[in-house]
There are 2 protein chains.
Amino acid sequence: MHQPHPALRQPVTAADRVLLEIQRAIVEGDIAPGSKISEPELARRFDLSRAPLREALARLERCHLIERIPNAGARVVTLSTKGLLALYQLRENLEGLACKLAAEHMTEAEISEVRQLLDQHLSSQRVREGESYYQEAGDLDFHYRVILGSKNSYLINILCDELYYLVRMYRVQLGMNGPRVSRAFDEHKAIINAIANRDGELADLLMRRHIAASRRNIEQQLEQMGT
Amino acid sequence: MHQPHPALRQPVTAADRVLLEIQRAIVEGDIAPGSKISEPELARRFDLSRAPLREALARLERCHLIERIPNAGARVVTLSTKGLLALYQLRENLEGLACKLAAEHMTEAEISEVRQLLDQHLSSQRVREGESYYQEAGDLDFHYRVILGSKNSYLINILCDELYYLVRMYRVQLGMNGPRVSRAFDEHKAIINAIANRDGELADLLMRRHIAASRRNIEQQLEQMGT
DNA sequence: TAGGCGCATATTGTCGACAATCTATCTGGT
DNA sequence: ACCAGATAGATTGTCGACAATATGCGCCTA
């Protein structure tokens, strides 16, 4: 199996646990975008002191889910077309780079694991046609594997720890679905093939296109909401 | 003037102040690479409680200057050729992207400010020939301006807040100097010219080369030390 | 009536102490 | 002599209370 990245370690401390809960709540919209974060309220709600809660808030700021102002408190981020474009601009580049590096550094074993993963997704996809949750999880899992395959710890940290929760927030709250679901599988296949052929340049290009297509899909949803 | 980024805001809280002090101490080697961080000791040394200190440690982890393990404490990072390569691999891509975006988004006023900056550097450089500190500060200032010019907040955050302290640590501790000092100015000039011409592609390429050259320079120092 | 000032309230930042966990040493057994 | 387990010490994680700062309301003035 691929080695677990620090970010994916299971929670050991109270701050870890409450972080996961609040992360999920923000990503899924249980805590509304733009709403103010009240430390005393959250402390009561999760039944712990403010010390571990503040530790969790510091990490939430790190992954761009909240914004803090000294002596004034924290607010949940708001989703916007501008923010989406900035985020995906970065993703296209960083994940493109990750692909290029993965083509150089992934082992044959890791590559065949990813292929197995895609086959699993395909079969479960046929059964659960249209259920966006599985697509969501499966897509992220694929991207995670490729990113880890880059073997660049800074790159891994940025993509998996700092940007992905926000990416998920956009996808979950704007409802990722539609015809892209099946097309995404083919694109994943093409990318892993390029990596297997050690063609970093092509893998880079394909990943950029893959992410650009995903961006346009979400962008459409966002503008539909705005009107 | 260019708007101040959140990262460059002046310290308002005790945690902010102690963060700056420890950051400087680590970057300049006053606290040795690889050494263990003792919370009680640092609290005594800076004469404050552990609460703001832990807040500062959380941010030090964020900019990769320390590594924390739950229930076991924190250590200052160690410098290595592997780490340097991973860091600069990322920098080449991200700052290349920053240049491309800067070519699209920087105003004429911002561009002419950067040109003024370079002229200032050149004149002070002539006077203080060889003093690496000014080169250090001047080079970072140039890069900061271009990064801010990208107008992509996520990109700005990653480069200015999360990676640059580590970049400085490599440069300071391995002694950036030599013939590259004067050559770097010419490269900066070429980059801002490309941006002024709105040639994002060229600016990207030039910045990648500029950083790659800088990497080779530091790499050399590192291997020299290793032997 | 509109705008600015001052106070009351609530929230964030900081503190010192306690509980939980890890590290290092010492002891005992094989 | 070497390794395993237990124990003592130190360190990190968490707690509740206090201090400093910001927010919102009412009041006064022009």
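Each chain gets a letter, A, B and so on, in the order its sequence line appears, and its residues count up from 1.
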By side-chain hydrogen bond (donor to acceptor under 3.5 Å, both in side chains), which residues pair with [X], not counting sequence neighbours?
| X | value |
| --- | --- |
| B:Tyr154 | none |
| B:Glu41 | none |
| A:Gln173 | none |
| B:Glu92 | B:Arg215 |

**Item:** By salt bridge (charged side-chain N to carboxylate O under 4.0 Å, His left out) - contacts of A:Glu61 (at least two apart)
**Value:** none

**Prompt:** Which residue pairs pass the ring pair (Phe, Tyr, Trp, His ring centres under 6.0 Å) test with at least one member in residues 21-61 of chain A, sequence neighbours excluded?
**Reply:** none

**Asked** ring pair (Phe, Tyr, Trp, His ring centres under 6.0 Å): which pairs involve residues 76-112 of chain B, sequence neighbours left out?
**Response** none

**Message:** Can you pull out the residues from residues 33-51 of chain B that lie within a 4.0 Å heavy-atom distance of DNA chain D?
**Reply:** B:Lys36, B:Ile37, B:Glu39, B:Pro40, B:Arg50

**Prompt:** Which residues within residues 59-70 of chain A lie with some heavy atom under 4.0 Å of an atom in DNA chain C?
**Reply:** A:Pro70

**Request:** Report the relative orientation of the aromatic rings in B:His210 and B:His143; use parallel for angles under 30°, tilted for 30 to 60°, perpendicular for over 60°.
**Result:** parallel

Pairs of donor and acceptor atoms involving the side chains of residues 26-35 of chain A, under 3.5 Å and at least two apart or interchain, shall be tabulated with distances.
residue : atom : partner : partner atom : Å
A:Glu28 : OE1  : A:Arg24 : NH1          : 3.0
A:Asp30 : OD2  : A:Arg24 : NH1          : 3.3
A:Asp30 : OD2  : A:Arg24 : NH2          : 3.2
A:Ser35 : OG   : A:Ala32 : O            : 2.6

**Prompt:** Going by the side chain to side chain donor-acceptor pair (under 3.5 Å) test, which pairs reach into residues 70-80 of chain B, not counting sequence neighbours?
**Reply:** none

**Prompt:** First contact, last contact: which nucleotides of DNA chain C are these for chain B, 5' to 3', heavy-atom distance under 4.0 Å?
**Reply:** C:dG13 to C:dC22

**Complete:** A:Arg75 atom CZ is separated from D:dT23 atom P, nearest whole Å, by 10 Å

